[in-house]
Amino acid sequence: MSESTASRIETEVRRRRTFAIISHPDAGKTTLTEKLLLFSGAIQIAGSVKARKASRHATSDWMEIEKQRGISVASSVMQMEYRDCVINLLDTPGHQDFSEDTYRVLTAVDAALMVIDAANGVEPQTRRLLQVCRARNTPILTFVNKMDREVKDPLALMDEIEAELGMTVVPFTWPVGMGKQFHGVMDLRQQRMRVFAPGEDRAAGTEEVLEGLDNPAYAERFGMQYDQAKGEIELVRDAAPAFDRDGFLSGKQTPMFFGSAVNNFGVQEVLDALVELAPAPDSRQAMQRTVLPEEPKFTGVVFKIQANMDPAHRDRIAFVRVASGRFERGMNLKVVRSGKTLRPNSVVTFMSQKRELLDEAFAGDIIGIPNHGVLQLGDTITEGEALQYTGLPFFAPEMFRAVEVADPLKTKQLRAGLTQLGEEGAIQVFRPIAGSVLLLGAVGQLQFEVVAHRLEHEYGCKARIMPSRFQVARWVTCDDAAELKRFIDANDHRMAYDAVDAPTVLVEYAPELRAIEANWPKIRFHALREHAGLVFQQRLDG
């Protein structure tokens with residue numbers, strides 16, 4: 001590789017910022033996503049996620065069921081340029097029933113933007129997502145949304161975030177008032193106040209800005225609310241620690257911003273902070289070695305598969321996080337799990353459902369490779385090296401349903417649809433050894449509803465989702481292949497295979513599982529499986 005190519009890869013990697021937006025449902029995550037796109041110049045008009053019957057919908061909510069319900073049930077990927085940085089933004093489902101999709105997305109990002117509803121504070125799904133981020137030491141920025149409503153006291157919110165999430169909070173902005181008396185935010189670093197004016201149509205940089213922390217105009221214009229904010233700011237500046245970049249990068253400290261995304265207020269500060277504070281792509285751990293982002297050879301990992309983004313073409317897109325090197329359209333790539341060779345010529349980048357053909361990409365970028373079942377979740381793609389990235393989680397389902405087709409003539413469509421949705425990770429599909437009825441496994445009820453909706457509208461088959469007697473599932477492995485076969489044969493009435501043919505034991509009650517574990521001491525039972533093709537196969541083969 002020439003010196004100029006190496007230098008260019010290094011420069012492009014430094015420009016990348018790849019982050020996910022996370023929150024509890026209804027905190028305003030999708031609205032903030034829209035406004036970040038708007039302020040970066042990536043889109044000209046923001047769709048409202050609340051206007052469900054209007055022709056406009058959130059750019060990041062492309063699935064039909066999302067448009068009907070006004071919620072996000074699939075992760076979206078968007079790329080934009082801002083201040084000479086290339087930002088890859090991943091909007092995740094807020095609903096806890098789709099947490100698996102969110103967990104997998106969090107393995108593909110270098111930072112997270114946490115949105116908190118100022119009226120509700122830290123909510124259960126926020127806690128869960130934060131645990132995943134903390135486990136990976138993912139840097140987190142915090143945006144406290146909906147300050148134009150009657151909300152919790154900002155000092156109480158700050159204490160709650162620190163106590164609940166176990167992170168030190170460093171306010172970068174501070175609100176003056178709230179609800180109908182919300183006047184704006186004080187930028188504590190720039191020592192100026194951005195004055196709030198409601199309305200969705202203002203562009204970036206059009207708000208009124210007053211200079212200085214002690215400008216006498218504040219007291220005159222904002223009265224009691226300013227006096228209270230001034231006291232809080234003095235308290236916070238004395239008590240809160242200074243921003244520590246190392247603490248932020250290790251997930252121990254979070255910068256906090258206040259605003260109202262629906263009114264385009266406070267968005268600019270968050271966008272600037274993402275560019276200035278969020279890290280560029282770093283090294284990633286493979287089973288064989290540590291891979292540096294500026295290495296010359298391309299490597300990437302499939303963290304998401306989405307079927308039917310374009311229903312007219314029945315396509316399947318594998319979302320790949322570029323981990324190292326430079327991707328070029330038409331280059332020869334190896335799927336490490338299967339040994340197959342890919343030569344993708346129609347690789348795409350995303351603006352939600354709008355795609356553009358891509359000629360090149362660098363570490364940190366998210367690229368979409370159309371394929372027909374060649375790529376699976378967790379697959380590592382390289383220019384030839386036998387590498388295997390780890391860390392893509394699958395969780396044992398907590399709910400089960402049997403599924404059969406309403407019209408027997410549509411059996412083929414049902415199986416094809418469930419195979420694709422299972423490979424996509426939208427639901428877990430199990431094929432019982434005994435019996436022909438397929439089983440669906442999910443974390444939450446809404447997943448079953450979405451699958452039934454998608455089977456009908458994308459695959460043209462109406463499915464009957466019925467109760468199942470099973471309540472617990474565990475993947476099984478054993479160092480002794482013969483012992484594993486004996487276990488499967490002896491328990492064939494409760495055994496099934498999942499989307500990647502991993503053997504799974506299904507039971508009705510937890511005590512039943514404990515009894516099986518006691519009777520088969522050589523068998524290992526897994527509530528979590530990391531699908532990284534080779535990793536799981538090695539466990540199976542011993």
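Worth knowing before you read on, the calculation uses all heavy atoms, side chains too, and leaves out hydrogens, waters and symmetry mates.
Classification of Arg289 and Glu295 as a salt-bridged pair holds, one side-chain N sitting under 4.0 Å from a carboxylate O. With respect to the salt-bridge test (charged N to carboxylate O, under 4.0 angstrom), the residues Asp110 and Arg321 qualify. The pair Arg326-Glu360 meets the salt-bridge criterion, with a side-chain N (NZ, NE, NH1 or NH2) lying under 4.0 Å from an Asp/Glu carboxylate O. Between Arg245 and Glu276, none of the side-chain N atoms (NZ, or NE/NH1/NH2) sits under 4.0 Å from a carboxylate O, so this pair counts as no salt bridge.
Looking only at distances, a side-chain donor or acceptor of Arg17 sits under 3.5 Å from a matching main-chain atom of Val275. Under the 3.5 Å distance criterion, the side-chain polar atoms of Asn145 are matched with a main-chain donor or acceptor of Ala27. With Glu383 contributing its side chain and Phe298 its backbone, the two residues share a donor-acceptor pair below 3.5 Å. Between the Thr31 side chain and the Ala261 main chain, no donor and acceptor come within less than 3.5 Å of each other. Checking side-chain atoms of Gln253 against main-chain N and O of Phe243 turns up no donor-acceptor pair under 3.5 Å. At least one donor-acceptor pair under 3.5 Å links the side chain of Asp365 to the backbone N or O of Phe362. Arg401 places no side-chain N or O within donor-acceptor distance of the main-chain N or O of Leu440, the cut-off being under 3.5 Å. Between the Thr142 side chain and the Met114 main chain, no donor and acceptor come within less than 3.5 Å of each other. Arg431 contributes a side-chain N or O that, together with a main-chain N or O of Asp498, makes up a donor-acceptor pair within less than 3.5 Å. Judged by distance alone, with hydrogens and angles left aside, the side-chain atoms of Arg337 form no donor-acceptor pair with the main-chain N or O of Asp379 at under 3.5 Å.
From Ser346, atom OG reaches atom CG of Asn371 across 10.0 Å, with rounding to the nearest 0.5 Å. Put simply, CD1 on Ile140 and CD1 on Ile161 are 11.0 Å apart, with the number rounded to the nearest 0.5 Å. Note that CG of Leu358 and CZ of Arg329 are 8.0 Å apart. Values are rounded to the nearest 0.5 Å. Here CD1 of Ile87 is found 8.0 Å from CG of Leu36. Values are rounded to the nearest 0.5 Å. Taking NE2 from His457 and NE2 from His453, the interatomic distance works out to 3.5 Å, rounded to the nearest 0.5 Å. In this structure, Leu421 CG and Ile305 CD1 are separated by 11.5 Å, a value rounded to the nearest 0.5 Å.
A heavy-atom distance below 4.5 Å is not found between the side chains of Thr341 and Val335. No side-chain heavy atom of Leu333 sits under 4.5 Å from any side-chain heavy atom of Arg343. In this structure the side chain of Pro139 never reaches within 4.5 angstrom of the side chain of Phe19, judged on heavy atoms. Asn137 places none of its side-chain heavy atoms less than 4.5 Å from the side chain of Leu249. The shortest distance between side-chain heavy atoms of Leu37 and Met80 falls below 4.5 Å. Inter-residue side-chain proximity for Leu439 and Leu506 is flagged as met; some heavy-atom pair is nearer than 4.5 Å. By the 4.5 Å heavy-atom criterion applied to side chains, Trp475 and Thr477 are not counted as neighbours. Using a 4.5 Å heavy-atom cutoff, the side chains of Leu377 and Arg104 are in contact.
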Using the side chain to side chain contact (heavy atoms under 4.5 Å, CB included) rule, take Ile367 and Val322 through it: C-alpha gap first, then chi angles, then the decisive distance, then the call.
CA-CA 7 Å; Ile367 61 175; Val322 182; 4.3 Å; yes
Dump the intermediate steps for side chain to side chain contact (heavy atoms under 4.5 Å, CB included) on Val320 and Val301, then the final yes or no.
CA-CA 5 Å; Val320 176; Val301 62; 5.9 Å; no
Show, in sequence, the C-alpha distance, side-chain angles and deciding distance for Val115 and Ile22, and conclude whether the side chain to side chain contact (heavy atoms under 4.5 Å, CB included) test is met.
CA-CA 6 Å; Val115 185; Ile22 60 173; over 6 Å; no
Go through the steps to decide whether Arg415 and Leu438 satisfy the test side chain to side chain contact (heavy atoms under 4.5 Å, CB included), and finish with yes or no.
CA-CA 9 Å; Arg415 292 211 165 237; Leu438 293 172; 3.8 Å; yes
Yes or no on ring pair (Phe, Tyr, Trp, His ring centres under 6.0 Å) for Phe257 and Phe143, after CA distance, side-chain angles and deciding distance?
CA-CA 5 Å; Phe257 301 83; Phe143 180 68; 7.8 Å; no
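Between Ser283 and Thr290, the side chains place no donor N or O within less than 3.5 Å of an acceptor N or O (distance only, hydrogens not considered). Side chains of Glu269 and Thr173: a donor-acceptor N/O pair is absent below 3.5 angstrom, by distance only. Under 3.5 Å, the side chains of Ser324 and Thr299 contain a donor-acceptor pair of N or O atoms. Side-chain contact of Arg16 with Gln79: a donor-acceptor pair under 3.5 Å is absent, judged by distance alone.
In terms of heavy atoms, Val13 sits closest to Ala363 at CG2-CB, 3.9 Å. The minimum heavy-atom distance linking Pro293 with Ile9 is given by the pair O-CG2, 4.3 Å. Minimum heavy-atom separation, Asp272 to Arg83: OD1-NH1, 3.0 Å. Shown here for Ala442 and Phe448, the closest heavy-atom pair between the two residues is CB-CZ, 3.6 Å. When all heavy atoms of Leu89 and Thr33 are compared, the closest pair comes out as CD2-CG2, 3.4 Å. Closest heavy-atom contact between Pro255 and Phe172: CB-CE1, 3.5 Å.
In the displayed structure, Lys252 atom NZ is contacted under 6.0 Å by at most 12 heavy atoms of other residues, nucleotides or ligands. With a 6.0 Å radius and a threshold of 12 heavy atoms from other residues, nucleotides or ligands, Arg15 has its CZ atom above the threshold.
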